[in-house]
Amino acid sequence: MSAEKGESTTDITSNSDWMSKLPSKCQNKDLFHLAIPGSHDSMSYDLDIKSSIIEPDVLKRFSKICCARKIVRRWATTQEEPIAKQLDAGVRYFDLRVARKPHDTNPTRLYFYHGLFTRTDVETILTDINDWAKAHPKEILILALSHFKGFDDTNKSHLHDHLIKFIKNLFGDKLFPSTEIPTLKSCWDKGRNVIVSYDYQAAHHPQLWSKITYYYGNSMKPAEVESKLIQDLAHAWPSKNFFVCGLNLTLPENASILKYILRLYGNLPSVIRRSLPSMVQWLKEQALKTHVNIVASDLVTSHDFVSTVVELNYKYQ
């Protein structure tokens with residue numbers, strides 16, 4: 001996607017192997033103490049206009065109306081580049097929200113979602129990520145699978161078992177277990193460069209990590225997001241696990257969402273483009289005061305977001 005006038009956009013390949021280039025002082029640090037760029041709602045570039053509306057609840061009843069689905073897609077798209085380009089740009093944490101389509105003829109086929117289902121299924125995307133991980137063995141990827149929409153009481157156990165088995169078989173020895181503390185050097189020495197966080201309490205597998213805490217402002221106003229993050233980051237350190245500082249804006253979950261999504265020409269990416277430069281600048285200043293670990297954003301290849309986070313490892317950490 002071409003950059004708008006005045007927009008600074010990350011060179012897609014400039015940070016493709018940034019972890020392997022970190023100085024030796026960073027290689028023995030816990031990954032909990034590195035600054036790692038991540039993407040919020042990582043698969044939202046792939047939303048299917050033919051999908052039924054999953055959220056917000058106020059619009060579910062209008063799923064059969066194409067115009068309603070188009071509106072949801074405009075306001076649910078937080079990323080514009082596919083996973084492979086996000087990886088090439090230097091993103092190492094992925095927010096992957098899993099769902100099952102109702103009445104799918106394939107009993108174990110799963111998709112991602114944000115407002116709508118994605119066009120591409122979970123197994124295809126995870127296979128693409130695995131291929132990238134093979135080609136970049138010194139880049140550590142953190143995959144956060146969560147939400148599991150449509151996993152009801154009748155199919156929940158079966159679907160989780162199927163997905164976990166697929167993950168373990170696919171990534172195999174590349175999975176770094178939750179029983180050890182990861183550093184770049186330990187990951188490299190053991191040939192393990194994939195960490196999977198699985199947000200389901202019944203999933204007791206040493207190869208999988210528990211839920212990663214995600215701090216966010218729950219607001220469409222950057223100043224409110226920043227204020228909330230300042231409070232949360234003050235309590236997040238010192239940490240013995242991963243945590244996310246979410247720079248993302250968040251639409252309301254109640255009827256007040258309509259004042260945004262019913263704008264005739266509005267969309268979420270345009271709002272993000274206006275707010276992201278100031279939030280990236282806030283991050284630079286805040287990292288002087290409080291530690292950050294994973295920093296997640298919308299439109300991750302825009303406004304030097306990835307480079308800003310990577311550089312924190314050289315300047316402030």
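Although no hydrogens or angles enter the test, the distance criterion places no donor-acceptor pair under 3.5 Å between the side chain of Asp30 and the main chain of Phe32. Using a distance-only test at 3.5 Å, with no hydrogens or angles considered, a donor-acceptor pair links the side chain of Ser178 to the main chain of Pro206. Side-chain N or O atoms of Asn267 include one that pairs as donor or acceptor with a backbone N or O of Ser270 at under 3.5 Å. Remark: the backbone N or O of Leu268 is not paired with any side-chain donor or acceptor of Trp75 at under 3.5 angstrom. The backbone N or O of Val300 sits nowhere less than 3.5 Å from a side-chain atom of Ser297 that would complete a donor-acceptor pair. Within the 3.5 Å criterion, the main-chain N or O of Met19 finds a donor-acceptor partner in the side chain of Glu139. Put simply, the side chain of Asp95 gets close to the backbone of Asp41: a donor and an acceptor are under 3.5 Å apart. Under a 3.5 Å cut-off, the side chain of His204 and the backbone N or O of Gln201 do form a donor-acceptor pair. In this structure, the side chain of Thr308 engages the main chain of Asp304 through a donor-acceptor pair within 3.5 Å. Of the possible polar contacts, one joining the Thr118 side chain to the Phe112 backbone as a donor-acceptor pair under 3.5 Å is found.
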Please evaluate residues Asp17 and Lys138 with respect to the criterion salt bridge (Lys or Arg N to Asp or Glu O under 4.0 Å), reporting the C-alpha separation (whole Å), side-chain torsions for both, the decisive distance (0.1 Å), and the verdict. CA-CA 8 Å; Asp17 292 285; Lys138 287 195 168 185; over 6 Å; no
Given side chain to side chain contact (heavy atoms under 4.5 Å, CB included), test Ile71 with Phe62 step by step and report yes or no. CA-CA 11 Å; Ile71 290 172; Phe62 303 111; over 6 Å; no
Test side chain to side chain contact (heavy atoms under 4.5 Å, CB included) on Leu175 and Ile195; report intermediate values, then the result. CA-CA 6 Å; Leu175 289 171; Ile195 291 171; over 6 Å; no
Should Met43 and Ile83 be marked as a side chain to side chain contact (heavy atoms under 4.5 Å, CB included) after you check the CA-CA gap, both sets of side-chain angles, and the distance that decides it? CA-CA 7 Å; Met43 283 298 301; Ile83 286 289; 3.5 Å; yes
As a quick check of understanding, evaluate ring pair (Phe, Tyr, Trp, His ring centres under 6.0 Å) for Tyr198 and Phe148, giving each step before the final call. CA-CA 10 Å; Tyr198 200 92; Phe148 306 108; 4.8 Å; yes
Residue pair Ser302, Leu276: steps toward the side chain to side chain contact (heavy atoms under 4.5 Å, CB included) verdict: CA-CA 8 Å; Ser302 297; Leu276 190 55; 4.2 Å; yes
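In terms of heavy-atom proximity, Tyr314 sits nearest to Lys25 at O-NZ, 4.3 Å. Of all the heavy atoms in Val271 and Met220, the pair that sits closest is CG1-CE, 4.0 Å. Residues Ala296 and His40 approach most closely at CB-N, 4.3 Å, considering heavy atoms. The heavy-atom pair separating Leu31 from Cys187 by the smallest distance is CD1-SG, 4.4 Å.
Side-chain polar atoms of Ser307 and Asn15 form a donor-acceptor pair below 3.5 angstrom. Counting only N and O atoms by type, the side chains of Gln86 and Ser39 include a donor and acceptor under 3.5 Å apart. Side-chain atoms of Asp46 and Thr120 form a donor-acceptor pair, as typed in the model, at a separation below 3.5 Å. Donor-acceptor pairing under 3.5 Å is recorded for the side chains of Thr78 and Ser44.
When the shell of 6.0 Å around CD of Glu180 is examined, it contains more than 12 heavy atoms from other residues, nucleotides or ligands. Residue Asp173 places its CG atom among 12 or fewer non-hydrogen atoms of other residues, nucleotides or ligands, all under 6.0 Å distant.
Looking at heavy atoms from C-beta onward, Leu87 lies in side-chain contact with Phe94 at the 4.5 angstrom threshold. Here the side chains of Tyr260 and Pro252 are in contact, with some heavy-atom distance below 4.5 Å. Here the side chains of His205 and Ile164 are in contact, with some heavy-atom distance below 4.5 Å. Between His147 and Asp199, the closest side-chain pair of non-hydrogen atoms is not below 4.5 Å. You'll find the side chain of Pro37 reaches within 4.5 Å of the side chain of Phe305, heavy atoms only. Considering only heavy atoms from C-beta on, Lys221 stays 4.5 Å or farther from Val225 through its side chain. By the 4.5 Å heavy-atom criterion applied to side chains, Thr77 and Arg73 are counted as neighbours. Using a 4.5 Å heavy-atom cutoff, the side chains of Phe151 and His160 are in contact.
In this structure, Leu283 CG and Leu229 CG are separated by 9.5 Å, a value rounded to the nearest 0.5 Å. Ile36 contributes atom CD1, which lies 13.0 Å from atom SG of Cys245 (distance to the nearest 0.5 angstrom). Between the CG atom of Leu116 and the CG atom of Leu47 there is a distance of 5.5 Å, given to the nearest 0.5 Å. Atom CG of Asn313 sits about 5.0 Å away from atom SG of Cys26, to the nearest 0.5 Å. Considering CG of Leu312 and CG of Asn293, their distance stands at 11.5 Å, rounded to 0.5 Å.
Among residue pairs with one or both ends in residues 207-218, those qualifying as side-chain hydrogen bond (donor to acceptor under 3.5 Å, both in side chains) are Tyr214-Asn248; sequence neighbours excluded. Here ring-ring contact (aromatic ring centres under 6.0 Å, His included) pairs that include residues 117-136, with residues two or more places apart or in two chains, are Trp132-His136. Residue pairs meeting the side-chain hydrogen bond (donor to acceptor under 3.5 Å, both in side chains) criterion with at least one member in residues 50-59, sequence neighbours excluded: Asp57-Lys60. Residue pairs meeting the salt bridge (charged side-chain N to carboxylate O under 4.0 Å, His left out) criterion with at least one partner in residues 140-155, sequence neighbours excluded, are Asp153-Lys156.
In this structure, Ile49 is not a member of the same hydrophobic cluster as Ile54, with clusters built from ILVMFWY side-chain heavy atoms closer than 4.5 Å.
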Anything under 3.5 Å between a donor and an acceptor, one on a side chain of residues 121-130, the other on a protein residue two or more places apart or in another chain? List them.
{"unit_1": "Asp121", "atom_1": "OD1", "unit_2": "Glu123", "atom_2": "N", "d": "3.1"}
{"unit_1": "Asp121", "atom_1": "OD1", "unit_2": "Thr124", "atom_2": "N", "d": "3.0"}
{"unit_1": "Asp121", "atom_1": "OD1", "unit_2": "Thr124", "atom_2": "OG1", "d": "3.3"}
{"unit_1": "Asp121", "atom_1": "OD2", "unit_2": "Thr124", "atom_2": "OG1", "d": "3.0"}
{"unit_1": "Glu123", "atom_1": "OE2", "unit_2": "His162", "atom_2": "NE2", "d": "2.9"}
{"unit_1": "Thr127", "atom_1": "OG1", "unit_2": "Glu123", "atom_2": "O", "d": "2.7"}
{"unit_1": "Asn130", "atom_1": "OD1", "unit_2": "Lys174", "atom_2": "NZ", "d": "2.7"}

Using atom types as modelled, flag every donor-acceptor pair under 3.5 Å from a side chain in residues 99-109 to any protein atom, sequence neighbours excluded.
{"unit_1": "Arg100", "atom_1": "NE", "unit_2": "Pro107", "atom_2": "O", "d": "3.4"}
{"unit_1": "Arg100", "atom_1": "NH2", "unit_2": "Asp104", "atom_2": "O", "d": "3.3"}
{"unit_1": "Asp104", "atom_1": "OD1", "unit_2": "Asn106", "atom_2": "N", "d": "2.9"}
{"unit_1": "Asp104", "atom_1": "OD1", "unit_2": "Arg109", "atom_2": "NE", "d": "3.4"}
{"unit_1": "Asp104", "atom_1": "OD1", "unit_2": "Arg109", "atom_2": "NH2", "d": "2.7"}
{"unit_1": "Asp104", "atom_1": "OD2", "unit_2": "Arg109", "atom_2": "NE", "d": "3.2"}
{"unit_1": "Asn106", "atom_1": "OD1", "unit_2": "Thr108", "atom_2": "N", "d": "3.0"}
{"unit_1": "Asn106", "atom_1": "OD1", "unit_2": "Thr108", "atom_2": "OG1", "d": "3.3"}
{"unit_1": "Asn106", "atom_1": "OD1", "unit_2": "Arg109", "atom_2": "N", "d": "3.3"}
{"unit_1": "Arg109", "atom_1": "NE", "unit_2": "Tyr111", "atom_2": "OH", "d": "3.4"}

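In this structure, Phe166 has its ring center no closer than 6.0 Å to that of Phe171.
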